[in-house]
Amino acid sequence: MLSAVGNTPLVQLVRLFPQFPSQVFVKLERFNPGGSIKDRTALTMLRDRVRSGELVPGRSVVIESSSGNLAIGLAQVCAYYGIRFVCVVDPRTTRQNLAILTAYRAEIEVVEHPDPATGEYLPARLSRVRELCERIPYAYRPDQYANPLNAAAQRETMAEIVSALDGRIDYLFCSTGTCGTLVGCAGYLRDAGLSTRVVAVDAVGSAIFGGVPAPRLIPGHGASVVPPLAAGASPDEVVHVSDLDCVVGCRLLLTREAILAGGSSGATVAALRRLIADIPAGATSVLILPDNGDRYLDTVYSDDWVTRHFGEITHLWKDERS
């Protein structure tokens with residue numbers, strides 16, 4: 001099962017922006033067995049520790065904070081190796097993700113209240129992880145926010161893209177959360193001597209690149225605190241996209257290319273759309289689409305949810321052609 005992680009499809013889009021005189025490719029990370037790019041991260045952070053004997057099935061306990069894709073990736077890897085997994089989440093975690101974690105027999109710890117100093121859940125979740133690690137024997141904390149293996153896993157993602165396009169990549173768009181994908185992909189490009197322009201796609205209301213933390217509706221990219229891995233991030237450009245941008249980007253992918261993608265994938269589409277005028281004809285752009293849209297059926301792809309938060313906006317993806 002774990003050998004199915006990686007080697008995901010890279011496909012060319014021809015209908016997304018039909019008047020755009022350049023090539024657009026997307027890396028479909030939804031085809032990892034757990035449904036997201038975080039399968040790569042989870043496997044890389046755990047596999048060598050299992051092989052070395054540092055993580056022992058039946059004894060070791062993996063404890064991590066995640067409310068989404070990494071949680072599912074870790075649950076999958078731990079289930080395969082027979083390792084106990086405790087996942088710290090908060091009330092915003094979707095019912096579907098909780099159901100998937102439960103199916104994998106993960107133990108779920110819910111942090112009910114945000115951090116009193118910041119009003120954010122992430123610091124409270126990280127505090128709970130530290131408490132659990134101190135209390136539970138043989139605990140191991142992967143710490144996706146600081147673990148260099150997070151970024152190392154994504155070097156392979158970039159290697160696959162470079163190989164498929166023979167290094168002819170002018171622009172790379174990747175959403176940022178822990179900054180693992182950004183740091184790993186940019187590092188690979190730099191070491192390969194490629195001049196690809198790296199565009200980091202962050203959320204409005206994220207603190208990663210100096211923004212002021214604010215409530216966000218769509219998870220998957222952005223963070224309320226600056227992750228330690230961000231210290232190694234050096235994108236050529238940062239584009240901040242709103243929740244509305246993400247919804248429109250996702251719906252454009254679906255209606256024009258029949259790709260059901262997650263919220264952070266919509267963010268990369270929105271970023272490309274914003275920069276189209278600056279991208280020269282004949283250039284090649286690659287968007288990393290981190291996950292599938294089936295975990296967003298109650299939000300991004302729910303007409304009622306969209307209307308409740310943004311009003312009637314279907315014209316933004318049904319009628320417009322650009």
Side-chain angles (χ1 to χ4, degrees), residues 8-31 37 154-177 179-203 209 220-221 233-242 245-291 293 316-317 320-322:
T8 52
L10 181 74
V11 301
Q12 186 173 3
L13 305 186
V14 295
R15 298 178 178 178
L16 182 62
F17 302 123
Q19 305 305 316
F20 184 37
S22 300
Q23 296 186 106
V24 178
F25 292 86
V26 291
K27 185 69 164 166
L28 296 174
E29 289 298 294
R30 60 182 284 187
F31 287 99
I37 196 170
Q154 304 312 325
R155 292 180 65 91
E156 183 61 30
T157 308
M158 195 69 241
E160 293 170 14
I161 297 171
V162 169
S163 177
L165 295 176
D166 197 24
R168 294 189 292 270
I169 308 162
D170 298 296
Y171 293 84
L172 176 73
F173 292 77
C174 60
S175 56
T176 58
C179 287
T181 302
L182 175 63
V183 171
C185 289
Y188 182 91
L189 290 167
R190 181 178 60 250
D191 292 346
L194 298 176
S195 58
T196 305
R197 186 169 180 82
V198 177
V199 180
V201 183
D202 198 10
F209 294 103
H221 61 291
S234 54
D236 296 293
E237 188 166 355
V238 178
V239 177
H240 287 87
V241 298
S242 67
D245 295 329
C246 294
V247 170
V248 174
C250 286
R251 294 298 189 104
L252 286 172
L253 273 175
L254 182 60
T255 57
R256 298 183 185 178
E257 298 282 358
I259 295 175
L260 186 72
S264 53
S265 299
T268 63
V269 170
L272 170 63
R273 191 179 186 203
R274 191 176 301 173
L275 298 184
I276 275 181
D278 299 323
I279 297 177
T284 297
S285 297
V286 176
L287 283 61
I288 297 178
L289 306 189
D291 63 359
L316 295 179
W317 56 83
E320 184 178 341
R321 293 293 182 266
S322 58

* Who pairs with Val183 by side chain to side chain contact (heavy atoms under 4.5 Å, CB included), at least two apart in sequence or on another chain? -> Ala151, Cys179, Ala233
* To do: Would you confirm whether Thr176, through its side chain, and Leu182, through its main-chain N or O, come within 3.5 Å as a donor-acceptor pair?
  => no
* What are the two closest heavy atoms between Pro280 and Tyr171, and how far apart are they? -> CD-OH, 3.5 Å
* To do: Please test Thr284 against Leu165 for side-chain contact (heavy atoms from CB on, under 4.5 Å), starting from the C-alpha separation and ending with a verdict.
  => CA-CA 9 Å; Thr284 297; Leu165 295 176; 4.2 Å; yes
* To do: Work out which heavy atom in Ser175 is nearest to a heavy atom in His221; give both atom names and the distance.
  => CB-CB, 3.9 Å
* To do: Could you check if a side-chain atom of Leu189 sits within less than 4.5 angstrom of a side-chain atom of Val198, using non-hydrogen atoms only?
  => yes
* Structure fact -> Between the CE atom in Met158 and the CG atom in Asp191, the distance rounded to the nearest 0.5 Å is 12.5 Å
* Asked: Where do Thr157 and Glu29 land on the side-chain contact (heavy atoms from CB on, under 4.5 Å) test, with the steps shown first?
  -> CA-CA 9 Å; Thr157 308; Glu29 289 298 294; 4.1 Å; yes
* Any donor-acceptor pair under 3.5 Å linking the side chain of Asp291 with the backbone of Arg30? -> no
* Non-hydrogen atoms of Leu16 and Glu257 that approach each other most closely -> N-OE2, 2.8 Å
* **From CA spacing to verdict: side-chain contact (heavy atoms from CB on, under 4.5 Å), Ser285, Phe25** => CA-CA 6 Å; Ser285 297; Phe25 292 86; over 6 Å; no
* To do: Would you give the length of the straight line joining atom CZ of Phe173 to atom CZ of Arg197, rounded to the nearest 0.5 angstrom?
  => 9.5 Å
* **Any donor-acceptor N/O pair, Lys27 side chain to Leu287 backbone, under 3.5 Å** => no
* Could you pull out the closest heavy-atom pair between Arg190 and Ser234, with the gap in Å? => NH1-OG, 4.2 Å
* To do: For residues Tyr188 and Gln154, determine if any side-chain heavy atom of one lies less than 4.5 Å from a side-chain heavy atom of the other.
  => no
* Asked: To the nearest 0.5 Å, what is the distance between CD1 (Ile161) and CD (Glu156)?
  -> 10.5 Å
* To do: For Glu160 and Ser163, test the side chains for any donor-to-acceptor distance below 3.5 angstrom and give the result as yes or no.
  => no
* Asked: Within the distance-only criterion (no hydrogens, no angle test), does the side chain of Asp170 pair as donor or acceptor with the backbone N or O of Ala283 below 3.5 angstrom?
  -> no
* To do: Step by step, work out the side-chain contact (heavy atoms from CB on, under 4.5 Å) result for Val286 and Leu10.
  => CA-CA 9 Å; Val286 176; Leu10 181 74; 4.2 Å; yes
* To do: Measure the shortest side-chain to side-chain distance between Leu13 and Ile259 over non-hydrogen atoms and say whether it is less than 4.5 angstrom.
  => yes
* To do: Taking all non-hydrogen atoms of both residues into account, name the closest pair between Leu172 and Cys185 and its distance.
  => CD2-CB, 3.8 Å
* Please round to the nearest 0.5 Å and tell me the distance separating atom OG1 of Thr196 and atom CD1 of Ile169. => 5.0 Å
Side-chain donor/acceptor pairs under 3.5 Å, residues 245-255, sequence neighbours excluded:
from	atom 1	to	atom 2	distance (Å)
Asp245	OD2	Ser242	N	2.8
Asp245	OD2	Ser242	OG	3.0
Asp245	OD2	Arg274	NH2	3.2
Arg251	NE	Val300	O	3.0
Arg251	NH1	Asp303	OD1	3.2
Arg251	NH2	Val300	O	3.1
Arg251	NH2	Asp303	OD1	3.0
Thr255	OG1	Arg251	O	2.9

* **Student check: side-chain heavy atoms of Val239 and Asp202 closer than 4.5 Å** => no
* To do: Grab the two heavy atoms, one from Cys174 and one from Ile288, that are nearest each other, plus how far apart they are.
  => CB-CD1, 4.1 Å
